[in-house]
Amino acid sequence: MSGQPRWRRIVLKMSGEVLGGTSGFGLDDTVVNRIADEIRAVHALGVDIGIVVGGGNFFRGVEAAVMRGMDRVAADYIGMLATVINALALQEALERCGLETRVMSAFEIRAVCEPFIQRRAVRHLEKGRIVIFAAGTGHPFFSTDTAAVLRAAQIKAEVILKGTDVDGVYDRDPHQDPAAVRFERISFAKALELNLRVMDATAFSLSWERNIPIVVFNITVPGNLVRTVCGEPIGTIVM
Ligand code: UDP
């Protein structure tokens with residue numbers, strides 16, 4: 001590993017499931033603390049870090065709407081609030097690692113965090129603070145993947161690192177088909193054409209339009225976050 005970061009400003013997107021560990025539900029302290037420590041190592045390389053966390057370890061709007069007959073908008077707000085729980089847990093873990101952080105929410109929750117204000121977010125990053133973006137885009141019918149691209153565009157991040165539990169983008173679901181082949185690099189056009197489930201089409205379209213590459217990598221493997229930031233081709237780059 002060269003130890004030189006490939007990008008100076010990144011957005012790290014983590015699904016809620018990753019923070020839930022092997023069960024994929026709730027918060028696994030060991031996993032949260034390990035990831036926090038890896039984020040500390042990336043920060044020590046001089047990288048500005050914005051983080052978007054999902055909420056799927058607690059609640060997913062679309063699932064609640066389909067399976068329980070909930071109103072989709074209400075369900076999506078519950079999902080967005082789930083991301084706030086994850087953001088606060090991650091903030092706490094990062095601060096225990098000695099990092100300065102801020103949580104910025106897409107809608108106001110004044111007792112626990114700041115509202116998202118673009119200029120203020122950039123200022124935090126310039127001061128070396130890690131900024132955790134909570135509550136997705138603040139609107140129903142969107143995903144936290146789309147929120148990650150939106151925030152990356154707003155803070156002028158050079159890349160979106162999407163940490164998942166698979167090693168990158170495959171031509172088929174590798175959990176279901178062991179013959180699935182991983183792409184080292186794939187174009188946005190191809191990713192959209194193949195209807196890859198790794199990110200939704202809204203997120204892919206916006207990152208294509210804003211020309212922000214997305215690196216999909218396996219964050220459940222210790223050390224992979226730093227390796228990815230240093231440009232090791234361990235995942236898939238969509239560009
Ligand atoms: N959500 C939303 N708008 C957003 C982002 C998220 O309504 O801009 C809701 C939606 O219900 C979603 C839930 O929050 O299912 C949790 O986010 P997501 O499913 O993206 O989390 P992940 O799968 O990454 O854990």
Side-chain angles (χ1 to χ4, degrees), residues 10-28 31-32 35 39 50-91 93 103-109 112-113 115-118 121 131-155 160-166 168-169 173 175 196-207 210 212 214-220 225 235 238:
I10 65 170
V11 164
L12 171 64
K13 163 72 213 297
M14 273 180 289
S15 66
E17 259 169 2
V18 164
L19 300 179
T22 42
S23 76
F25 187 81
L27 289 162
D28 181 325
V31 173
V32 174
I35 291 176
I39 293 169
I51 301 173
V52 172
V53 277
N57 52 331
F58 290 114
F59 203 87
R60 281 213 180 83
V62 73
E63 278 172 19
V66 173
M67 317 283 279
R68 303 190 209 168
M70 276 182 84
D71 172 68
R72 173 70 191 270
V73 173
D76 276 344
Y77 276 109
I78 298 173
M80 285 184 261
L81 288 169
T83 74
V84 180
I85 298 175
N86 286 331
L88 294 177
L90 191 60
Q91 171 174 49
V103 173
M104 300 189 113
S105 169
F107 47 67
E108 285 212 32
I109 318 176
V112 290
C113 60
F116 172 77
I117 296 168
Q118 186 245 345
V131 185
I132 305 166
F133 301 112
T137 62
H139 299 284
F141 306 112
F142 287 96
S143 67
T144 50
D145 282 346
T146 300
V149 181
L150 178 65
R151 296 296 181 236
Q154 286 173 305
I155 65 166
I160 296 146
L161 304 183
K162 167 145 175 153
T164 68
D165 61 353
V166 286
V169 178
D173 186 344
H175 289 314
L196 296 171
R197 289 218 310 257
V198 66
M199 261 200 179
D200 56 86
T202 312
F204 272 139
S205 305
L206 184 58
S207 50
R210 298 313 309 155
I212 309 171
I214 300 168
V215 179
V216 182
F217 72 105
N218 191 341
I219 199 170
T220 69
L225 174 58
V238 188

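The figures here come from the full heavy-atom set of this structure, side chains too, leaving out hydrogens, waters and symmetry mates. Heads up: numbering here begins at 1 and tracks the sequence. One-based numbering, in listed order, for ligands and for the atoms of each.
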Shortest protein heavy-atom distance from atom 1 (N) of ligand 1, along with the residue and atom involved
Phe142 O, 3.4 Å
Under 4.0 Å from a heavy atom of Ser15: which atoms of ligand 1 are those, numbered in the order shown and with their elements?
24 (O), 25 (O)
Could you list the atoms of ligand 1 found under 4.0 angstrom from a heavy atom of Gly54?
21 (O), 22 (P), 24 (O), 25 (O)
shortest atom 10 (C) of ligand 1-to-protein heavy-atom contact is with Asp76 OD1, 3.2 Å
Go through ligand 1 atom by atom and flag the ones less than 4.0 Å from a non-hydrogen atom of Lys13.
24 (O)
Heavy-atom nearest neighbour in the protein, as seen from atom 13 (C) of ligand 1, with distance rounded to 0.1 Å
Gly79 CA, 3.6 Å
Quick one: which ligand 1 atoms are inside 4.0 Å of a heavy atom on Gly56?
21 (O), 22 (P), 25 (O)
Of the non-hydrogen atoms in Thr83 and Gly55, which two are nearest, and what is the gap between them?
CG2-N, 3.7 Å
Output yes when the distance from some N or O of ligand 1 to some N or O of Gly16 is under 3.5 Å, and no in every other case.
yes
Please confirm whether Phe59 comes under 4.0 Å of ligand 1, counting heavy atoms of the residue only.
yes
Ligand 1 and Met14, any nitrogen or oxygen pair closer than 3.5 angstrom?
no
At a 4.0 Å threshold, what atoms of ligand 1 neighbour a non-hydrogen atom of Gly55?
16 (C), 17 (O), 21 (O), 22 (P), 25 (O)
Quick one: which of His139, Glu63, Arg60 has a heavy atom closest to atom 3 (N) of ligand 1?
His139
Carefully, step by step, assess Asn218 and Thr164 under the rule side chain to side chain donor-acceptor pair (under 3.5 Å).
CA-CA 5 Å; Asn218 191 341; Thr164 68; 5.7 Å; no
Ligand-side contact atoms (ligand 1) for residue partner Thr137, heavy atom cut-off under 4.0 Å:
4 (C), 8 (O)
Under 3.5 Å, is there a donor-acceptor pair between the Asn57 and Asn86 side chains?
yes
What protein heavy atom sits nearest atom 20 (O) of ligand 1, and how far away is it?
Thr144 OG1, 2.5 Å
Return a yes/no value for Gly136: is any of its N or O atoms, backbone included, closer than 3.5 angstrom to an N or O of ligand 1?
no
Is it the case that the side chains of Thr146 and Ser143 hold a donor-acceptor pair, with the cut-off being a distance below 3.5 Å and no angle test?
yes
In the protein, what heavy atom is nearest to atom 12 (C) of ligand 1, and what distance, to one decimal place, separates them?
Gly61 N, 4.0 Å
Between Phe25 and Phe58, how do the two ring planes meet: parallel, tilted or perpendicular, split at 30° and 60°?
perpendicular
Does Gln154 offer a backbone N or O that forms a donor-acceptor pair with the side chain of Gln118 under 3.5 Å?
yes
For residues Arg151 and Gly136, report the shortest heavy-atom separation together with the two atoms involved.
NH2-O, 3.7 Å
Which distance, rounded to the nearest 0.5 Å, do you find between the CG of Asp200 and the CG of Leu206?
10.5 Å
Relative to Phe141, does Arg72 satisfy both conditions: NZ or CZ under 6.0 angstrom from the six-membered ring centre, and within 45 degrees of the ring's axis?
no
Does ligand 1 have any atom sitting under 4.0 Å from a heavy atom of Pro140?
yes
Side chain proximity check, Ile78 to Met70, heavy atoms < 4.5 angstrom:
yes
Just how far is it from atom CE of Met199 to atom CD1 of Ile214, taken to the nearest 0.5 Å?
4.0 Å
